[in-house]
Number of protein chains: 2
Amino acid sequence: MSNVVEHPADSLTDAELGFDLGTRLRAVREQYGLSQRELARRAGVTNGTISLIEQNKNSPSVASLKKVLDGIPLSLSEFFTLDLPSQDQVFFKARELLELAKGAISFRQVGRNLHNRKLQILHERYAPGADTGKLMLQHDGEEGGIVLRGRIEIVVGDQSRVLEAGDAYYFDSRQPHRFRNVGDQECELISVCTPPSF
Amino acid sequence: MSNVVEHPADSLTDAELGFDLGTRLRAVREQYGLSQRELARRAGVTNGTISLIEQNKNSPSVASLKKVLDGIPLSLSEFFTLDLPSQDQVFFKARELLELAKGAISFRQVGRNLHNRKLQILHERYAPGADTGKLMLQHDGEEGGIVLRGRIEIVVGDQSRVLEAGDAYYFDSRQPHRFRNVGDQECELISVCTPPSF
DNA sequence: GATTATTGTTTATTTTTTTAAACGATGCTA
DNA sequence: TAGCATCGTTTAAAAAAATAAACAATAATC
């Protein structure tokens, strides 16, 4: 009885595959080097359960899927949002940061493919007077950052503040927001946000 | 068969599941202005099913939870990663950053309550020679950062690099990793990671 | 005020999942 | 090669979830 497991190299997301929970669990389990029995022992279920789930012969209750994932360990949200095959670049020389905008405002991003990532990390520079504009930005996710030098005015919803070196911010990106360099020198900051992915 | 002590009928809540699935579903359903019956009709299940799920009186199979969410519509990953709205402090003066560690290695965090947040943003400082230790760190999530000044050696899995001002990194936090200041001056960087949420 | 919908909940019955144990296949070691 | 451990799979019985229908509470309409 040959154990043929479909493993297309370009198997990217569940959206394309129509959500193959069994294959996903098997991939995760194997990635962690666990046998069905070992995972079953840690999770407090039987090995048969895991076998049947991985073959999509039954659909586990959320409760028992949680039990299984606890044995890895992996949270439900991580399990469902997981992008399995992505071996990415880890280190980036300064010149390798991806230039997203260039001019009065400059965004230099860590990493290229945003779709596989949970974090968008930017090195931002604002020339004196530079402004993200009156039309306030608004998008899903959360964002925050720390100011490295200069003075920048940040408007979030009905709040507004001028931040200086060492100051920081954090807000829900669905609130309208705007950045403006109100100093007389260049302003620099590191920002990060969770990109809307799924 | 299991001789384990039976749990009371209503014990499918936080304790076992890690979060309150029933309340979560109810909140989402009401947010979309749907009655149990209307959602049941769209999802192709019975209203009783939804009632029982929302009371945590049974734990739906992933298959039926997916059916229910399709009626909203909402993906599984969206459902599990939903964050309850929380209005927090937006701006932080430099001195308000939360000091997590103080000594050869210093971590100063943006924001206090990590549980409601998707991002952990840190201002890290490493004294010359400072080291996160031979026991390599490993945890769920992803992380990245940008070096502001100094020289730091970062080991991720079987890869290793010395990064300098402007350089950056990004990796899956489940890979073992270690940070070490290999320069003769203090090293400073902004790091960010996705904390495990559930 | 009575009638009629619509809401969420509960209860027997059916359906599905989980268990416990056995099965065949593979790999290791003496 | 034989013996033994481990792997994933399969199957009858037990446990749990989904259904269908009845139940109670509230709001709307006549």
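So that the names make sense, note that chain A is the first sequence line, chain B the second, and so on, each numbered from 1. Predicted, not measured: the structure shown is a model, and the values here were computed from it.
- Listed candidates were dA17(D), dT10(D), dT19(D). Nearest to the side chain of Ser59(B) is dA17(D).
- At the phosphate of dT10(C), OP1 or OP2 sits under 4.0 Å from a side-chain N or O atom of Lys57(B).
- Following rounding to the nearest Å, Ile53(A) (CD1) and dT9(D) (C1') show an atom-to-atom distance of 14 Å.
- Using a 4.0 Å heavy-atom cutoff across all strands shown, Ser35(B) reaches sugar-phosphate atoms only and no base atom.
- Listed by chain and residue number, Arg37(A), Glu38(A) satisfy the side-chain contact (heavy atoms from CB on, under 4.5 Å) test with Ser35(A) (two or more places apart in sequence, or in another chain).
- Among the heavy atoms of the strands lying under 4.0 Å from Leu52(A) is at least one base atom, whether or not backbone atoms are also near.
- The side-chain contact (heavy atoms from CB on, under 4.5 Å) check on Ala40(B) picks up Val45(B), Asn47(B), Ile50(B), with sequence neighbours excluded.
- Taking atom CZ of residue Arg41(A) and atom P of nucleotide dA20(C), one finds them 16 Å apart after rounding to whole Å.
- Between the Asn181(B) side chain and the Ala127(B) main chain, a donor and an acceptor come within less than 3.5 Å of each other.
- Put simply, Arg29(A) has a side-chain N or O that comes within less than 4.0 Å of OP1 or OP2 on dG8(D).
- Shown here are the side-chain hydrogen bond (donor to acceptor under 3.5 Å, both in side chains) partners of Ser61(B), two or more places apart in sequence or in another chain: Ser64(B).
- Contacts of Arg149(B) classified as side-chain contact (heavy atoms from CB on, under 4.5 Å), with partners at least two apart in sequence or in another chain: Arg125(B), Gln185(B), Glu186(B), Glu188(B).
- Protein atom CG of Leu39(B) is 17 Å distant from nucleotide atom P of dT6(C), rounded to whole Å.
- Candidate nucleotides dT19(C), dT17(C), dT19(D) were compared by shortest atom distance to the side chain of Asn58(A), and dT17(C) ranks first.
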Distances for protein N or O near nucleotides 21-25 of chain D N or O, under 3.5 Å:
none

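- Distance from the side chain of Gln36(B) is smallest for dT9(C) among the nucleotides dT9(D), dT11(C), dT9(C).
- Phe107(A) CZ to Ile121(A) CD1: the interatomic distance, rounded to the nearest 0.5 Å, is 15.0 Å.
- Taking 4.0 angstrom as the limit, Thr49(A) places a side-chain polar atom (N or O) nearer than this to OP1 or OP2 of dT19(C).
- Listed nucleotides: dG8(D), dT19(D), dT18(C). Nearest to the side chain of Ser51(A): dG8(D).
- Counting to the nearest Å, the P atom of dT18(C) and the CD1 atom of Ile50(A) are 11 Å from each other.
- Legend: residues meeting side-chain hydrogen bond (donor to acceptor under 3.5 Å, both in side chains) with Glu54(B), ordered by chain and number and at least two apart, are Arg26(B), Arg29(B), Gln36(B).
- Taking atom CG of Asn56(B) as the reference point, atom C1' of dG8(C) lies 15 Å away to the nearest angstrom.
- What separates CD of Glu38(B) from P of dG8(C) is a distance of 11 Å, to the nearest Å.
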